[in-house]
Amino acid sequence: MSTRAADLITLGLRIRHFRAERGFTLDQLGEQVGMAGSQLSLIENGRRSPKLSTLQDIATAVDVELTDLLKNEAPNTRAALEIELERAQRNPLYGALGLPRVKMTKGMPMAALESLLGLHRELARRASEAIATPEEARRANTELRERMREQDNFMPDIEQLAEDRVRASGHVSGALTHREVSVMAEQLGFNLIYVNDLPGSTRSVTDLVNHRIYLPPASIPGGHGLRSMALQAMGHRLLGHERPGSYAEFLWQRLQINYFAAACLMPQAASVAFLSHAKRERELSVEDFRDAFGVTHEAAALRLTNLATSHLDMPLHFLRVTGDGALQKGYENDDLPLPADVTGSIEGQFVCKQWSARSAFTHTNRTTEFYQYTDTPAGTFWCATQTGATDAGEFSISVGVPFVQAKWFRGRETTQRAVSRCPDESCCRRPASEVSSRWAGKAWPSARLHAHVLSPLPSGTFPGVDDTEVYEFLEAHAAE
């Protein structure tokens with residue numbers, strides 16, 4: 001509903017309130033201001049905009065100042081509820097249901113009014129939750145990936161913020177220590193508290209009243225170390241985040257805090273100096289970058305995507321792929337043809353079996369990176385792939401560059417080479433004709449249902465977070 005329509009409803013209810021206080025009927029007040037009671041009723045119901053002269057006459061008749069009549073607030077609690085209900089019934093969300101509007105009368109019980117409002121509020125809440133559907137999440141994620149590609153995955157403002165905070169903690173060189181992260185929190189007025197009972201839907205919880213950041217007692221699977229989680233929580237405060245109004249905004253905030261944490265753990269100046277030296281020596285390596293700053297392989301690989309193009313003049317790509325070949329995360333600005341669906345989303349798509357992100361799983365030695373050149377329809381790419389495993393299964397982390405950039409990396413001398421014709425299905429998605437003819441109609445596999453396909457994203461203040469769990473957790477710890 002427009003602001004003008006909302007203002008008319010408030011004005012009408014204020015006129016009705018003062019008329020009732022004076023004991024006037026519609027016809028009696030209408031007679032004093034020179035209009036029919038039916039016309040005055042339209043004004044009180046917010047359906048007609050009165051002239052200023054009419055408003056002055058009404059104010060004089062009910063013995064109030066014109067400014068009091070024109071205040072943009074409900075005259076009492078019941079009027080506030082009536083205004084809210086009227087606005088809700090004029091909302092297109094309700095109109096789309098095709099249901100009749102409930103006419104509010106003086107005799108309507110407060111309980112009925114509150115019940116109707118409760119239903120409208122729940123309708124609005126469920127509609128807002130629709131932004132967190134998997135379809136919306138995938139669309140928002142695709143748009144965000146394209147946005148970051150346009151800026152080469154580099155965010156200078158956050159880089160500077162991270163440099164300033166790390167320097168203020170007293171950090172000089174090497175890996176950022178847990179103590180230095182604690183100092184950063186203290187400088188923001190927060191204490192880091194390690195607990196065993198964090199809500200299952202959270203990685204950390206920040207108590208804004210008692211200025212505490214609650215963290216698990218040990219690193220959780222997947223590479224999210226305690227330093228990173230604490231830095232992400234601080235990132236929300238430093239970046240001035242408010243409750244996200246959409247799933248796209250939620251993802252943008254997540255990207256920003258992840259970027260901030262990475263930029264603190266691998267500060268720009270030190271990282272660029274390290275990588276530039278390695279490039280001059282033709283010894284660029286994610287392994288060395290990882291070990292120099294004490295982070296996970298995935299964190300180092302992702303951080304390389306932030307800095308390689310902006311500081312090393314090098315396009316590249318990053319892939320995280322599951323053991324069955326599904327792409328979990330992906331970024332490229334080197335024109336690697338990532339698999340995508342009709343909407344442009346890459347998450348959940350299967351990468352070519354010939355790519356090192358998948359062929360690395362077939363090699364027995366997984367303690368070091370696996371190197372491979374791959375000829376594709378878009379050109380030849382060199383990749384370094386490291387495999388790992390969590391409770392959820394195997395995964396691989398790959399960083400790759402076009403052929404002309406391979407000369408800067410350790411592993412460029414590999415003789416491992418493959419040819420990929422994807423997205424041509426004859427490459428690896430279609431069985432050989434003789435195999436297909438032999439087994440067509442003679443096999444019946446029982447497909448495994450992925451339960452997450454049927455599950456909506458958990459709803460709450462933030463997508464994926466159970467508010468009840470969080471509030472109960474804070475309530476339990478508030479008195480400590």
Side-chain angles (χ1 to χ4, degrees), residues 152-156 158-184 219 222-232 234-235 258-314 316-320 329 331 366-371 382-388 395-401 405-414:
D152 292 325
N153 219 28
F154 183 65
M155 305 177 76
I158 296 183
E159 294 283 357
Q160 188 59 57
L161 175 63
E163 288 275 351
D164 293 343
R165 300 316 307 173
V166 169
R167 189 181 304 112
S169 74
H171 177 77
V172 178
S173 63
L176 190 68
T177 67
H178 286 274
R179 173 57 189 158
E180 288 165 339
V181 172
S182 295
V183 170
M184 292 173 65
S219 181
H224 298 292
L226 291 177
R227 294 174 303 159
S228 181
M229 284 189 285
L231 290 166
Q232 289 169 18
M234 285 184 258
N258 286 334
Y259 195 110
F260 172 76
C264 288
L265 293 171
M266 294 160 277
Q268 178 180 212
S271 295
V272 171
F274 180 89
L275 294 171
S276 296
H277 175 76
K279 182 181 178 184
R280 287 193 298 271
E281 297 296 318
R282 297 179 181 247
E283 281 290 307
L284 274 174
S285 166
V286 175
E287 288 179 318
D288 290 352
F289 190 33
R290 171 197 69 197
D291 296 342
F293 291 91
V295 296
T296 65
H297 197 88
E298 181 174 2
L302 282 168
R303 184 65 173 141
L304 186 58
T305 68
N306 301 145
L307 303 173
T309 306
S310 58
H311 290 82
L312 305 180
D313 193 27
M314 181 184 300
L316 75 172
H317 62 265
F318 163 90
L319 307 172
R320 179 186 168 107
K329 300 179 186 176
Y331 168 80
R366 306 220 190 150
T367 58
T368 59
E369 289 184 305
F370 170 72
Y371 308 114
W382 173 91
C383 287
T385 300
Q386 178 72 62
T387 58
F395 67 92
S396 68
I397 302 295
S398 298
V399 170
V401 293
Q405 299 287 348
K407 60 186 177 183
W408 309 114
F409 286 83
R410 181 188 306 155
R412 61 188 175 277
E413 68 283 350
T414 183

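Everything quoted here is computed from the prediction, not taken from an experiment. These values consider heavy atoms only, across backbone and side chains, with no hydrogens, waters or symmetry-generated copies.
Considering CZ of Arg320 and CD of Glu298, their distance stands at 4.5 Å, rounded to 0.5 Å. Rounding to the nearest 0.5 Å gives a distance of 5.0 Å between CG of Leu231 and SG of Cys264. For the atom pair CG of Leu284 and NE2 of His277, the computed distance is 10.5 Å after rounding to the nearest 0.5 Å. To the nearest 0.5 angstrom, His297 atom NE2 is 9.5 Å from Asp291 atom CG. Atom OG1 of Thr387 is separated from atom CD1 of Ile397 by 10.0 Å, given to the nearest 0.5 angstrom.
Counting heavy atoms from C-beta on, the side chains of Gln232 and Asn258 come closer than 4.5 Å. Contact check for Leu307 versus Phe154: side-chain heavy atoms found under the 4.5 Å cut-off. Between Ser398 and Phe370 the shortest side-chain heavy-atom distance does not fall below 4.5 Å. Side chains of Cys383 and Tyr371 form no contact here, defined as non-hydrogen atoms less than 4.5 Å apart. Proximity of Leu176 to Val166: side-chain heavy atoms (C-beta onward) are separated by under 4.5 Å at one or more points. No side-chain heavy atom of Ser396 sits less than 4.5 Å from a side-chain heavy atom of Leu319. Using a 4.5 Å heavy-atom threshold, the side chains of Arg227 and Leu265 count as touching.
Closest approach of Gly174 to Phe293, counting heavy atoms only: O-CD2, 4.1 Å. When all heavy atoms of Met266 and Val295 are compared, the pair lying nearest together is SD-CG2, 3.8 Å. Across Asp288 and Phe274, no two heavy atoms sit closer than the pair O-CZ, 3.6 Å. Contact between Ser173 and His171 at its shortest, heavy atoms only, is O-CE1, 3.1 Å. Across Tyr259 and Asn306, no two heavy atoms sit closer than the pair CE1-ND2, 3.3 Å. Here the shortest heavy-atom pairing between Glu180 and Ala175 reads OE1-O, 4.1 Å.
Looking at residues two or more places apart in sequence or on another chain, you find a ring-ring contact (aromatic ring centres under 6.0 Å, His included) between Phe409 and Trp382. Residues satisfying the side-chain hydrogen bond (donor to acceptor under 3.5 Å, both in side chains) test with Gln405, not counting sequence neighbours, are Trp408. Residues forming a salt bridge (charged side-chain N to carboxylate O under 4.0 Å, His left out) with Glu159 (at least two apart in sequence, or on another chain): Arg303. Residues passing the ring-ring contact (aromatic ring centres under 6.0 Å, His included) test with Phe260, sequence neighbours excluded: none. Taking His317 as the reference, Phe381 meet the ring-ring contact (aromatic ring centres under 6.0 Å, His included) condition, with sequence neighbours excluded. Qualifying salt bridge (charged side-chain N to carboxylate O under 4.0 Å, His left out) partners for Arg290, counting only residues two or more places apart in sequence or in other chains: none. Remark: Thr305 pairs with Asn153 by the side-chain hydrogen bond (donor to acceptor under 3.5 Å, both in side chains) rule, at least two apart or across chains. Looking at residues two or more places apart in sequence or on another chain, you find no ring-ring contact (aromatic ring centres under 6.0 Å, His included) involving Tyr331. A search for salt bridge (charged side-chain N to carboxylate O under 4.0 Å, His left out) contacts involving Arg165 returns nothing, not counting sequence neighbours. A search for side-chain hydrogen bond (donor to acceptor under 3.5 Å, both in side chains) contacts involving Gln268 returns His311, not counting sequence neighbours. Listed by chain and residue number, Arg167 satisfy the salt bridge (charged side-chain N to carboxylate O under 4.0 Å, His left out) test with Glu163 (two or more places apart in sequence, or in another chain).
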- Task: Take Arg179 and Ser169, measure what side chain to side chain contact (heavy atoms under 4.5 Å, CB included) needs, and give me the verdict at the end.
- Result: CA-CA 9 Å; Arg179 173 57 189 158; Ser169 74; over 6 Å; no
- Message: Would Met314 and Val401 count as a side chain to side chain contact (heavy atoms under 4.5 Å, CB included) here? Give the steps.
- Response: CA-CA 8 Å; Met314 181 184 300; Val401 293; 4.0 Å; yes
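For residues 276-286, the set of pairs meeting the salt bridge (charged side-chain N to carboxylate O under 4.0 Å, His left out) definition, not counting sequence neighbours, comprises Glu283-Arg410.
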